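Below you'll find the structure, written out as structure tokens, and then a few comments.
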Amino acid sequence: MSTDHPSASDLERFSDFYRQFYPSTWDSIMSGLLDPPRSIQRPNRWFSGDDSQEVDSRGIHHWFLMDRASATIPTFLEPRPGETVLDMCAAPGGKSLILWELMGGAGQLVLNDTSPARRHRLRSVIDSYVPSEHRHGIRITGLDAARIGQIHPDSFDRILLDAPCSSESHVLGSIKAMQQWSPARSRQLARRQFAMICSAIQALRPGGRLVYSTCSVCPWENDGVVQRLLRREKHPCRLLDAESPQGDKTETGWIILPDRHQAGPMFFAVLEKTGVSGQAGY
Ligand SMILES: C[S@@+](CC[C@H](N)C(=O)[O-])C[C@H]1O[C@@H](n2cnc3c(N)ncnc32)[C@H](O)[C@@H]1O
């Protein structure tokens, strides 16, 4: 029999796993994750039409729809005009657009993603929101995020690593994703995220800043990944204090939960590289 919702037994297995992390709040968190996404409309700084228009005479779009928590993530990276910035897992590009806005369209912004289909979408987002005369500093690449550190050590002023994750709101909304879900999958994702965060530290210039984020509520993929990185001498870095206008503090960063903050879910932590990794430059 086909239904629109995961089966009760799959849901129970899933909930049992998350209750170990959120013993008294899981039911509320889960109902927040099941709510329809609450997006905000962000005005595009490169749009030059009038208020009534959706698209200006150059084909540049007025509004970008995205989650309110997602929209704050690039601000914690504090990119500045003229810097060299990497968005390691960039597609479809909502956060990339904000990074480029914060950079005032000046400097180098490398947008990386391994998925060809998602890179195609990323290219079309950039073309629809950034006029051609302001696109010169943007490059799109398709490298494995876990290898960028070896390829380009000590190269970037700032890196955003918005990592692929369990994305529980997606799992809860999909029978297939729920059937494929298991704690082993989350553990495997945490291992991939750890390889990526080590690579990000390696790719940063000494003194450079990293924002690590996920849309997972699983602590293995959030604090767990950051804590493991902080224990590793090979990748010298320290946590920076961030003051988030929304969310709850965790051991290494912040988590924004839909049931409590009407946005997210989104976890983020802010780090600074404190040593040198290698010789080559970007
Ligand atoms: C959470 S999404 C990124 C969302 C994006 N930052 C945004 O705000 O629009 C994670 C992305 O990581 C990409 N990805 C998965 N594995 C990767 C890898 N090994 N290296 C680089 N990108 C990867 C996926 O294709 C996906 O687009």
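Just follow the structure's listing: the first ligand is 1, and inside any ligand the first atom is 1. Scope of the values below: all heavy atoms of this structure, side chains included, with no hydrogens, waters or symmetry mates. It should be emphasised that the depicted structure is a prediction, and the values quoted were computed from it without experimental measurement.
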- Check whether any side-chain heavy atom of Leu11 lies under 4.5 Å from a side-chain heavy atom of Leu172, and answer yes or no.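 A side-chain contact exists here, since the closest heavy-atom pair is under 4.5 Å.
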
- How about Gln193 and Tyr212: do any of their side-chain heavy atoms sit closer than 4.5 Å? yes

Taking salt bridge (Lys or Arg N to Asp or Glu O under 4.0 Å) as the cut-off, I'd like each qualifying pair that reaches into [range], sequence neighbours left out, listed once.
range: residues 69-84; value: Glu78-Arg209, Arg80-Glu83, Glu83-Arg158
range: residues 164-193; value: none
range: residues 88-117; value: Arg42-Glu101, Lys95-Asp162

**Tyr129 ring center within less than 6.0 Å of Trp100 ring center** =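 Centroid separation for Trp100 and Tyr129: 6.0 Å or greater.
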
Distance filter under 4.0 Å, heavy atoms only, around ligand 1 gives Met88, Cys89, Ala90, Ala91, Pro92, Gly93, Gly94, Lys95, Asn112, Asp113, Thr114, Ser115, Arg118, Leu143, Asp144, Ala145, Asp162, Ala163, Pro164, Arg192, Met196

